[in-house]
Asks: 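Here you go, one structure.
Remember, predicted model here, so these are calculated numbers, not experimental data. Protein chains get the first letters and strands the later ones, always in sequence-line order, with residue 1 at the start of each. Quick note: numbers below take in every heavy atom, side chains included, and nothing from hydrogens, waters or symmetry partners.
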Amino acid sequence: MSEKTMRDAINEALHQAMAEDESVFIIGEDVAGCNGAPSGKVGEVGGVFGVTSGIYKEFGPDRCIDTPISESAIVGAAAGAALVGMRPVAEIMFADFIGVCMDQIVNQMGKFRYMFGGKSKCPAVIRFASGGGFSAAGQHSQSMYQVMTAFPGLKVVIPANAYDAKGLLLQAIKDDDPVLFFEPKALYQEVCEVPDEMYTIPFGEAAFLREGDDVTVVAFGQMVNRAVAAIDALESEGVSCDLIDPRTSSPLDEGAILESVEATGRLVVVDESPPRCGLTADIAALAADRAFHSLKAPVKQVCAPHSPTPFSPELEAAYIPSVERIQSTIKQLLA
Amino acid sequence: MSEKTMRDAINEALHQAMAEDESVFIIGEDVAGCNGAPSGKVGEVGGVFGVTSGIYKEFGPDRCIDTPISESAIVGAAAGAALVGMRPVAEIMFADFIGVCMDQIVNQMGKFRYMFGGKSKCPAVIRFASGGGFSAAGQHSQSMYQVMTAFPGLKVVIPANAYDAKGLLLQAIKDDDPVLFFEPKALYQEVCEVPDEMYTIPFGEAAFLREGDDVTVVAFGQMVNRAVAAIDALESEGVSCDLIDPRTSSPLDEGAILESVEATGRLVVVDESPPRCGLTADIAALAADRAFHSLKAPVKQVCAPHSPTPFSPELEAAYIPSVERIQSTIKQLLA
Amino acid sequence: MSLPKKKLLQAYRQMKTIREFEERAHAEIMNGQIAGFTHLYTGQEANAVGVCEHLNDEDTIISTHRGHGHCIAKGADVIGMMKELFGSSEGLCKGKGGSMHVADIEKGILGANGIVAGGPPISVGAALAARIRKNKRVAVSFSGDGSVNQGTCFEAMNLAVVLNVPAVFVIENNYYSEHTNIEYAVGCDDLKTRTEGFGFPVFVADGADFFSVFDAAGKAIDHARAGNGPAGVFAETGRFHGHFVGDPQHYRADGELDDLREHSCCLKRFREKMAESGEVSQEELDSIDAGVLALIEQSVAEAKAAARPTPEQVGNDVYISYGTG
Amino acid sequence: MSLPKKKLLQAYRQMKTIREFEERAHAEIMNGQIAGFTHLYTGQEANAVGVCEHLNDEDTIISTHRGHGHCIAKGADVIGMMKELFGSSEGLCKGKGGSMHVADIEKGILGANGIVAGGPPISVGAALAARIRKNKRVAVSFSGDGSVNQGTCFEAMNLAVVLNVPAVFVIENNYYSEHTNIEYAVGCDDLKTRTEGFGFPVFVADGADFFSVFDAAGKAIDHARAGNGPAGVFAETGRFHGHFVGDPQHYRADGELDDLREHSCCLKRFREKMAESGEVSQEELDSIDAGVLALIEQSVAEAKAAARPTPEQVGNDVYISYGTG
Ligand SMILES: Cc1ncc(C[n+]2csc(CCOP(=O)(O)OP(=O)(O)O)c2C)c(N)n1
Ligand SMILES: Cc1ncc(C[n+]2csc(CCOP(=O)(O)OP(=O)(O)O)c2C)c(N)n1
Ligand SMILES: [Mg+2]
Ligand SMILES: [Mg+2]
């Protein structure tokens, strides 16, 4: 057990999974790096975020595979290898690039099991860096997991800390269904205690991060820390909240959310995606149906506005939900 | 004024818009048909659903443009032509094929205006045949409009009858933003009275199809007729419902929905897409926030289950929400 | 090239099975017995069989929307397939896939595919698995003359070369993608050269002649299996039906279909060759015909009698159901 | 090829402007003044300028993530661009786009683009508009050696041929896509041939030499403008910085960067040529340098002083806001 960044926790999970199971390999753009390059330093890069660093050196060219810039082919290659028994972990760099490989994710990988009458397995994991916070503007800042949650057949994971990231990724690799693994890139450098051994966190089990009586807060990914900060700051004002991080948006731990809302009667859902057809609406609607009789106040969504992510740091700061907005929304419910 | 099928109404709108405005052209796979073919009968097809039939013959090869099977290039071509002042109407056959051209729709066309600081216009329309009902299985039956609604910068239109289809398409072509136009393919043969002249229906204005006191029903596309049937059948049981067809899922006529829910206190949202992060959740969440104090009962969603669309007719019939399911959900709210 | 008699009989049987499967499917669709969108392979049989006769169960294929022929050639259970087309829960995919999604992973059939050019990237993945495991398998993807214009197809070809995997790209040029001719849709003059530009050899075949396809496919598959990276097969062929059942085929020249059935029928051609060479007698082929017809008849009878899916089955074979609705 | 002196001065000024813009942007990024992901064009200036010197305001270009050079060459306001990089609301895109989305539709700049190969299909659309309107415009898209492996790029090339539109595909081979060399990522031996396989001529240029690019681009653009369909330019070039600012550049050979700056600097080469030919004196070039440096200095001063966006501006420039949150 030691403090690790989320980047290192994911890297460790990959190393361990690959050491344990020969059928695991990684594939993506520059996951090794320097292929074909005059320096000869193949493997020196480990992905543009450094998440796969060291893997080429440990596992060699058959298990750490660089590709051209061809995301559809990357996902397809993962899907095809998985159909014949491998356990690929593909990296698609930025979640926004789902745009160029959506068919392979949604219509192919995600549907085989059902369309083939339950007779196939496609244990592929696709990793993405998601979300805002880098002034990376409209095409490099989207969370995208909410959109993928809409598609049956795909499991969708959004770790909010290094500990969860490791356990959820190890689970994802063992899972026999395709798993989309969204790494909030704003959290790569965040640290927490992470066991050195392998462990898994089951899908569909939410994490309870705070317990309280007044309001249930459900938050995803990058928003979890902000929700923690908002809730902790409100403690002094005598407000206490449940904080739930579902960790996997599909399967979703409906029970955990409903139980909490039944107890508190108030719900705030926080995500960094825009408002329409997103996870905040999804979970608000869940409560409005199945916890309706417990609700004492409007169900609130705290999310980005309905616009692309702006470039300018000031604009992006206004775009992504802040601790203050979460806090004031909670207070509004109690007013 | 005469009875027209939705197919013919759309076809008429295209003819009229093209006659009126030289900058309108259509592009897609087989929108003319028979190009390069030994029969020489170019223009004989008019799209696989026949929606663009006759256009090549009337407007010729510069305004009715067949393409290879390259959806990204089709959308890109529409976007590029629109950026320089044309008003293209592209056809992407099945909405499911958004998978292979999502980037051009979502990250390109949909974001120019914002990313370029409001200094560009991209008046492109992309038409899709959407939804189930043809035993077309997992890759040819998705509605997809719910997923596109999640993306800022795109306007999303879902006509539920021939009259609306014509007026909304004419509006879409005039609109300076990119518009995604989803034609529920199960409705192509449905007829209603459609004026012969040109007319437009503004975006963001819902249609009120039934008025009643007990329950508000909001339904989209193919589900609208089924909601009508369900509501009419309940009349004899003394149940009366508001029925709202938002017609455009973005912009959304929030006011119409909220006003109705404030009056009835009960809401059922019906769509043929699966449950997660879809329009049923989206609208349920809207009510749970902004009409909360009027709500007398849980907000109900009637939608497809969380699985791909199955092939077998029996399975598909069980998959797509039926009149009976809508009816029993309404009754459940009043029990 | 001389083939053992057993192989010859097998090849003919496979082609005939596909032909009769398709012709019967056509009739049953016209009868209203089969729902959905169905694309028939009649006329192209020699392509699927000429390729798949080189493959074993561990090799994989991935097919297209026009998938019945490839699946049968690779060993899919014909009765299970017919049941699938009929939408029975006893079908190969329990009635969930239908014509466009027939698959049998055990037999190395990674599925028909409703998305044009959805298959090639997946096939590269199967080939990559073979490379990693060094198990000498090959992965074949089938594409049409229209599908080769889709970006995924190009990406797959380049990636296969980059990764040096045993992927075989079979391009069946039946001259049409839906209602559009290859002359229009493929911009360059020579698709074979454009394909070779990606960096692998492409072997040309007469797609109406089993022996020609078998020969070209053999070269491509040997190349790939030997670890030399991907290879291609480019076959000129023709479909005897419309793009889908019901297609008015405005694109055809007068007499084109008669001509195709007359001069480009792989079954006729096969019989002619056998008559010339004397390797197999016409009676032997007649008896295969009879067996095939009986099998197809049986498949339809069984499909009609087979169990229908029940509503609860909608929610199976997916990892979770949500309580909404 | 001889160019009027005015043209020569203009070309040099443009290249120098790009160079100094980039070098200053680099410094300001290191200073923490510019946020986000920025990809610098230093070293490749002759490509953008050699192409854009053939274009007028009505012609369009579409660029890449490495877009500053293309935008400046096509006439974007340098001060507006610097303000944009600084995220000011006075920037060319009001601070909403940043480095990866600099655009100026009025000037025919359809934008830098953060998605690799996002541009070519869009450029084909602009070219199609030109074909339809018969207005003799051309549409140029820039791609890197990595971007040509993306499916959209292939689709765009084929579609341009099919539709016979005046689209010009400029491929800048700087040998790297991020940390990967073209030797690895492009499977075939010869990218020019692979590209020509799509059915249009590709003209090769030395991307460090303005005159070489100008010549090749002229041929391609004339070809397209004359209604002969698309054409390509293939330029060998080198970037003097890392892929992004901060890239440790593990992929470089020892001495590679020094070598590039020494032997592949388009400004040096231009000066040498002018010294040889005597068409322009070194003093004239020096005075351009001074003017450019002053302009860049001014752009940074203005950018630093420029208005910052306010939170309300987040919701502008999109068709609707929803009340949620
Ligand atoms: C991505 C995508 N675009 C369009 C279609 C519709 N479509 C189905 S088959 C087909 C033509 C395919 O032509 P080709 O590849 O030549 O195969 P063939 O039908 O001739 O066997 C088209 C356009 C599709 N299924 N998927
Ligand atoms: C679809 C997509 N995939 C990956 C990336 C990440 N990325 C940005 S630039 C780049 C390399 C591009 O290489 P090249 O086309 O050679 O252009 P260069 O950077 O050399 O100018 C990559 C992989 C991206 N922006 N978009
Ligand atoms: Mg074809
Ligand atoms: Mg490059």
Asks: Would you tell me whether C:Glu256 and C:Tyr175 have side-chain atoms, one donor and one acceptor, within less than 3.5 Å of each other?
Replies: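 There is no such pair (donor and acceptor under 3.5 Å, judged by atom type) between the side chains of C:Glu256 and C:Tyr175.
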Asks: B:Ser307, B:Gly40, B:Pro310: which one forms the most heavy-atom pairs within less than 4.5 Å of chain C?
Replies: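 Answer, by heavy-atom pair count under 4.5 Å with chain C: B:Ser307.
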Asks: With a 4.0 Å cut-off, would you call B:Glu183 and B:Arg7 a salt bridge?
Replies: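 No, no charged N to carboxylate O under 4.0 Å.
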Asks: Below 4.0 angstrom, N of the basic side chain to O of the carboxylate: do C:Glu28 and C:Lys304 qualify?
Replies: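 Here C:Glu28 pairs with C:Lys304 in a salt bridge, since their nearest N and O are under 4.0 Å apart.
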Asks: For chain C, which of B:Ala137, B:Ser312, B:Ala318, B:Ala317 has the most heavy-atom pairs under 4.5 Å?
Replies: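 Going by pairs under 4.5 Å, I would pick B:Ser312.
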Asks: Please identify, among C:Thr38, C:Thr152, C:Asn113, the residue contributing the most non-hydrogen atom pairs under 4.5 Å to chain B.
Replies: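 Among C:Thr38, C:Thr152, C:Asn113, the one with the most close pairs to chain B is C:Asn113.
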Asks: Is any side-chain heavy atom of B:Val302 less than 4.5 Å from a side-chain heavy atom of B:Val268?
Replies: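 Answer yes - side chains close enough.
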Asks: Using a cut-off of under 4.5 Å for heavy-atom pairs, which of C:Glu183, C:Met100, C:Glu312, C:Gln313 has the most such pairs with chain B?
Replies: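 Winner by heavy-atom pair count: C:Met100.
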Asks: Using non-hydrogen atoms and a 4.5 Å limit, figure out which bit of C:Leu85 sits close to chain B: side chain, backbone, both or neither.
Replies: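 Backbone only.
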Asks: Tell me, side chain or backbone of C:His101 under 4.5 Å from chain B's heavy atoms, or both, or neither?
Replies: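 Just its side chain gets close to chain B.
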Asks: What part of C:Val314 gets within 4.5 angstrom of chain B, counting heavy atoms only: side chain, backbone, both, or neither?
Replies: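 Backbone plus side chain of C:Val314, per the 4.5 Å heavy-atom cut-off to chain B.
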Asks: Let me know if C:Tyr176 has heavy atoms under 4.5 Å from chain B in its side chain, its backbone, both or neither.
Replies: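 For C:Tyr176, the contact with chain B is made by the side chain alone.
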Asks: Does any donor atom in the side chain of C:Ser99 or C:His39 lie under 3.5 Å from an acceptor atom in the other side chain?
Replies: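 The answer is no; no qualifying pair exists.
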Asks: Please examine the side chains of B:Met109 and B:Val75, heavy atoms only from C-beta on, and report whether any two atoms are closer than 4.5 Å.
Replies: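 They are in side-chain contact.
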Asks: Check each atom of C:Ser89 against the heavy atoms of chain B and say whether the ones under 4.5 Å are side chain, backbone, both or neither.
Replies: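 No part of it gets close to chain B.
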